[in-house]
Novice: 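Could you have a look at this structure, given as structure tokens, before my questions?
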Amino acid sequence: MNVVTRFAPSPTGYLHIGGARTAIFNYLFAKKHSGKYLVRIEDTDKKRSSEKAIKAIHKGLNWLNVNSEHKIVYQSQNFNSHINVAYELLEKGYAYKCYLNSDELDKLRIKSRENGIPIKSPWRNKKKQGDNNNKEFVIRLKMPSDGSTTIDDIVQGKVTVKNDILDDMVILRSDNTPTYMLSSVVDDNDMGITHIIRGDDHFNNAFRQIQIIKYLNWKIPFYAHIPLIHGTDGTKLSKRHGATNLFDYHELGYTSDAMFSYLLQLGWSTKNDADYCIDRATKLFALENVSRSPAKFDLKKLNNINAKKLNTMKISNIYKLVIERFKLSLNDDEHKRFKSLLPELLKRVKVYTELEFEFDWLFQKDFFCKDKNYQLKLQKHNLMLKEIGSRLKDCEWSEENIKNTLNQYIFDKSLKFKDIGPILRMALTGKTNSPDLVSIIYELGCTITVNRLNYEYK
RNA sequence: GGUCCCUUCGUCUAAUGGUUAGGACUCAGCCCUUUCACGGCUGCAAUAGGGGUUCGAAUCCCCUAGGGAUCACCA
């Protein structure tokens, strides 16, 4: 079978991380089976759709590397086809015109809810439409009233629902535009979608949509309804749990590789928990291994994955990322210094944006320690710093020699390394912790090091 | 409320009738060490509750409890 999947977001806002995960699953499943992965923008509701949202979705998909190499489908461009299907259904007697106004509908809805029965318009059984030619109407699907429908969902398993709980859903609005319920089914069929992989929140829809497919004798696709992502308190993920916009994580300094890996592991795993890159995941992915229960979004785990990614990615890639993000313009010396120190710096951060706090001491021309308390200490050890400075000045510049120089100094003064280490660190970085002192001194270079050690704190 | 789904350490999960219920993250401790990290080691910690079926149940069945989804001329 030639697998065809699709990711079908509605362009009403940014790309939600739940949607991003759905995209990943669709992407991987298609790739795993050498099939096609398509993206379809579900813009049937013109009032809520926007160009801005479409751009945001593409931006998110591009960042995650799960964009489609095929032409993007815009649902609104297929309206005529959808409308034709609605009338075909009407002609065949599988649908009917409903002239209920909104007041009547509200009453019907309340009554339905009270009795626990689905909405079925009284127009369903009217033999003649009467003299209603000028009245507004919608077209509703005539759901089967007996029997049951079974879906063998790849993730959820075999689920059966009685047909009499299905409502006569609207497939064509009174303004002659198709609803999502119709458009989605028609487009899936036209696009030859073989596997519908989407959020669990659509599971109930599947039982309703499948009736259209049956009435038209179309091929029923495979379904895989994946569980939603929850917040830490077990409710549907929302803004109060943190960022739900995928691209916010880019802004926060997460790498797309980490995001991909984490989102994938939320609800899917193989036996050995691993850090999945896109290629590896493509080989291993199977819908059968997707969990049926919703997973909670855990920032700590994401941080951990991201930190690991930062330390396995090519340094030149991260370097590029950081330079772009902070718009750094570095001279050759600084460039070399940064690149050499970067691996050590990366061990200390969860997201690369935290690197920002290293820029001041790394590149600032006339750097000095700003912290008042530290300044007092530096003042006290002014002499020591100057002595070390002058020894370093005479030292032939290599890590080995720098180390020896420092060791010689503490030997001569009967000190221990920890007697000079913290002071040196404050003078050179303005902080109490940093990468190895010797490598810092080496990378800073003789002139800068000595200048910083000679700074007069008062 | 109707319908459907879910429930293994705090979190993500492994174990498809027989395991001391495993791993990862978090947390704690130790080691490494010039600091902070990284890394290494150790530890804390789970089968929601109750009934069955079975020689044997996290696993199969039933009930209860809790959670979630959905019930639009939204998608």
Side-chain angles (χ1 to χ4, degrees), chain A residues 8-12 42-45 47-49 75 98 100 102 105-106 109 112-119 136-140 151 153 155-157 159-162 164-167 169-181 183-184 198-208 225 227-228 230 232-236 262 265-275 289 291-305 307-308 311 343-349 403 406 410 416-422 424-426 429 431-438:
Chain A
S10 60
T12 53
E42 309 238 311
D43 52 353
T44 50
D45 186 352
K47 282 168 245 154
R48 304 203 320 156
S49 303
Q75 195 149 61
C98 166
L100 252 31
S102 62
L105 198 57
D106 283 345
R109 193 173 294 130
S112 296
R113 186 118 186 193
E114 275 172 2
N115 300 328
I117 52 163
I119 289 182
E136 278 199 340
F137 65 88
V138 297
I139 295 182
R140 289 181 182 274
I151 290 179
D153 190 278
V155 172
Q156 303 293 329
V159 179
T160 301
V161 149
K162 287 206 179 94
D164 59 16
I165 65 125
L166 269 19
D167 68 321
M169 63 189 184
V170 173
I171 55 175
L172 198 74
R173 300 188 186 99
S174 53
D175 64 358
N176 205 42
T177 59
T179 62
Y180 157 80
M181 284 296 178
S183 297
S184 175
R198 73 217 311 193
D200 211 358
D201 50 337
H202 283 288
F203 198 37
N204 292 298
N205 290 337
F207 292 91
R208 308 203 282 164
H225 287 93
L228 269 20
H230 282 181
T232 42
D233 58 357
T235 60
K236 196 163 128 183
Y262 178 63
Q265 284 172 67
L266 228 44
W268 178 78
S269 72
T270 55
K271 281 175 192 170
N272 41 351
D273 186 299
D275 205 4
N289 295 336
S291 165
R292 284 212 271 219
S293 56
K296 292 174 184 165
F297 191 84
D298 181 14
L299 202 63
K300 284 183 174 161
K301 180 95 173 196
L302 209 211
N303 282 337
N304 178 271
I305 290 175
K308 278 185 180 153
N311 288 288
E344 276 304 310
L345 259 16
L346 284 173
K347 286 180 186 166
R348 291 158 175 79
V349 298
K403 193 171 187 175
L406 295 179
I410 58 177
K416 298 219 161 108
F417 202 97
K418 61 180 168 191
D419 296 323
I420 65 164
L424 278 173
R425 185 166 283 112
M426 284 174 201
T429 70
K431 298 143 99 67
T432 53
N433 48 57
S434 78
D436 171 58
L437 268 174
V438 173

Novice: Might you work through the side-chain contact (heavy atoms from CB on, under 4.5 Å) test for R140(A) and I119(A), ending with a clear yes or no?
Specialist: CA-CA 10 Å; R140(A) 289 181 182 274; I119(A) 289 182; 4.0 Å; yes
Novice: Specify whether Y262(A) and F297(A) have parallel, tilted or perpendicular ring planes, treating 30° as the upper limit for parallel and 60° as the lower limit for perpendicular.
Specialist: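 It falls in the perpendicular class, over 60°.
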Novice: Going from CD1 on I117(A) to CD1 on I165(A), what distance comes out if it is rounded to the nearest 0.5 angstrom?
Specialist: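 With rounding to 0.5 Å, CD1 (I117(A)) is 12.5 Å from CD1 (I165(A)).
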Novice: Whole angstrom is fine here: how far is it from CD1 in I165(A) over to C1' in C5(B)?
Specialist: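 So the CD1-C1' distance, I165(A) to C5(B), works out to 13 Å.
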Novice: Rounded to whole angstrom units, what separation is found between the CG atom of L437(A) and the P atom of U35(B)?
Specialist: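 Computing the L437(A):CG to U35(B):P distance gives 10 Å.
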Novice: If we count only N and O atoms by modelled type, under 3.5 Å, do the side chains of S434(A) and R425(A) hold a donor and an acceptor together?
Specialist: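 Their side chains do contain a donor-acceptor pair, which is all the 3.5 Å distance test asks for.
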Novice: Is there a donor on the side chain of T179(A) or the base of C73(B) sitting less than 3.5 Å from an acceptor on the other?
Specialist: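 A donor-acceptor contact between them is absent.
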Novice: If the C1' atom of G10(B) is compared with that of G1(B), how far apart are they to the nearest Å?
Specialist: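 The answer is 34 Å between these two C1' atoms.
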Novice: Could you check whether any side-chain N or O of N311(A) sits under 3.5 Å from a backbone N or O of A307(A), counting only pairs where one atom can act as donor and the other as acceptor?
Specialist: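 It does hold such a pair.
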Novice: Using whole Å, what does the distance between atom P of nucleotide C25(B) and atom CG of N304(A) come to?
Specialist: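 Those two atoms, CG and P, are 6 Å apart.
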Novice: Within the structure, does a side-chain N or O atom of S269(A) lie under 4.0 Å from either OP1 or OP2 of C12(B)?
Specialist: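 For C12(B), OP1/OP2 do not have a side-chain N/O of S269(A) under 4.0 Å.
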Novice: Name the pairing partner of C25(B), where a pair is Watson-Crick or G-U wobble with both distances under 3.5 Å, or state none.
Specialist: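 Check on C25(B): paired to G10(B), both distances under 3.5 Å.
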Novice: Taking 4.0 Å as the cut-off, does a side-chain nitrogen or oxygen of R109(A) come that near to OP1 or OP2 on C71(B)?
Specialist: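 Result: no.
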Novice: Using the P atom as the reference point in each nucleotide, state the distance between A37(B) and G29(B) in Å, no decimals.
Specialist: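 Here A37(B) and G29(B) have their P atoms 12 Å from each other.
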Novice: Using atom P in both nucleotides, what's the gap between C27(B) and C38(B) to the nearest angstrom?
Specialist: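 Their P atoms lie roughly 10 Å apart.
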Novice: Taking atom P of C4(B) as reference, at what distance in whole Å does atom CZ of R292(A) sit?
Specialist: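 So the CZ-P distance, R292(A) to C4(B), works out to 14 Å.
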Novice: Write down the partner of U3(B) under the Watson-Crick or G-U wobble criteria, each distance required to be under 3.5 Å.
Specialist: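 The base-pairing partner of U3(B), which may sit in any strand shown, is A69(B).
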Novice: Does C73(B) have OP1 or OP2 under 4.0 Å away from a side-chain N or O of R140(A)?
Specialist: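 So the side chain of R140(A) is within the cut-off, an N or O lying under 4.0 Å from OP1 or OP2 of C73(B).
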Novice: For M169(A), report the nucleic acid contact type (base, sugar-phosphate, nothing); a contact means any heavy atom under 4.0 Å.
Specialist: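 No contact.
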Novice: For R198(A) and C5(B), what is the distance between atoms CZ and C1' respectively, to the nearest whole Å?
Specialist: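 Result: 15 Å.
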Novice: Taking only the P atom of each, what is the distance from C41(B) to C60(B) in whole angstrom?
Specialist: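 C41(B) and C60(B) have their P atoms separated by 35 Å.
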Novice: Any salt bridge between K416(A) and D419(A), counting N to O under 4.0 Å?
Specialist: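 No salt bridge links K416(A) with D419(A).
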Novice: What does A58(B) pair with, Watson-Crick or G-U, if both distances are under 3.5 Å?
Specialist: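 Per the H-bond distance test, none.
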Novice: Walk me through whether N205(A) and Y180(A) qualify under side-chain contact (heavy atoms from CB on, under 4.5 Å).
Specialist: CA-CA 10 Å; N205(A) 290 337; Y180(A) 157 80; 4.2 Å; yes
Novice: Could you measure between the two C1' atoms, the one in G23(B) and the one in U42(B), and give it in whole Å?
Specialist: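 Rounded to whole Å, the distance is 16 Å.
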Novice: Work out how far the P atom of U35(B) is from that of G43(B), and round it to whole angstrom.
Specialist: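 Each nucleotide's P atom is 27 Å from the other's.
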Novice: It should be established whether R113(A) places a side-chain nitrogen or oxygen under 4.0 Å from OP1 or OP2 of nucleotide G1(B).
Specialist: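 For G1(B), OP1/OP2 do not have a side-chain N/O of R113(A) under 4.0 Å.
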Novice: What integer number of Å spans the P atoms of U47(B) and U64(B)?
Specialist: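 Rounded to whole Å, the distance is 23 Å.
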Novice: Would you kindly check whether a donor in the side chain of N205(A) faces an acceptor in the base of A75(B), or vice versa, at under 3.5 angstrom?
Specialist: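 A donor-acceptor contact between them is present.
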Novice: U59(B) and U13(B): how far apart are their C1' atoms, nearest whole angstrom?
Specialist: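 It works out to 16 Å between them.
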Novice: With a cut-off of less than 4.0 Å, is there a side-chain N or O of K296(A) near OP1 or OP2 of U11(B)?
Specialist: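 So the side chain of K296(A) is within the cut-off, an N or O lying under 4.0 Å from OP1 or OP2 of U11(B).
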Novice: Let me know the distance between CG of N204(A) and P of A69(B), rounded to the nearest Å.
Specialist: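 My rounded result for the distance is 12 Å.
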Novice: I want to check one thing: is the phosphate of C73(B), taken as OP1 and OP2, less than 4.0 Å away from some side-chain N or O of T177(A)?
Specialist: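 No, outside the criterion.
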Novice: More than 12 heavy atoms of other residues, nucleotides or ligands under 6.0 Å from NZ of K431(A): is that the case?
Specialist: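 Buried by this count: over 12 neighbours within 6.0 Å.
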Novice: How close or far is atom C1' of G10(B) from atom CZ of F297(A), stated in whole angstroms?
Specialist: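 Value for this atom pair: 17 Å.
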Novice: What nitrogen or oxygen pairs link the protein and nucleotides 64-68 of chain B at under 3.5 Å?
Specialist:
from: G68(B); atom 1: O2'; to: H230(A); atom 2: NE2; distance (Å): 3.3

Novice: Rounded to whole angstrom units, what separation is found between the CZ atom of R208(A) and the C1' atom of A69(B)?
Specialist: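 Those two atoms, CZ and C1', are 13 Å apart.
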Novice: I need a per-nucleotide contact map over nucleotides 41-47 of chain B, read 5' to 3'. Cutoff is protein heavy atoms under 4.0 Å; write B for the base, S for backbone only, - otherwise.
Specialist: -------
Novice: Whether the side chain of T179(A) engages the backbone of V170(A) through a donor-acceptor N/O pair (distance < 3.5 Å, no angle test) should be reported.
Specialist: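 Yes: the side chain of T179(A) pairs with the backbone of V170(A).
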Novice: Just N and O in the side chain of K308(A): are any of them under 4.0 Å from OP1 or OP2 of C25(B)?
Specialist: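 So the side chain of K308(A) is within the cut-off, an N or O lying under 4.0 Å from OP1 or OP2 of C25(B).
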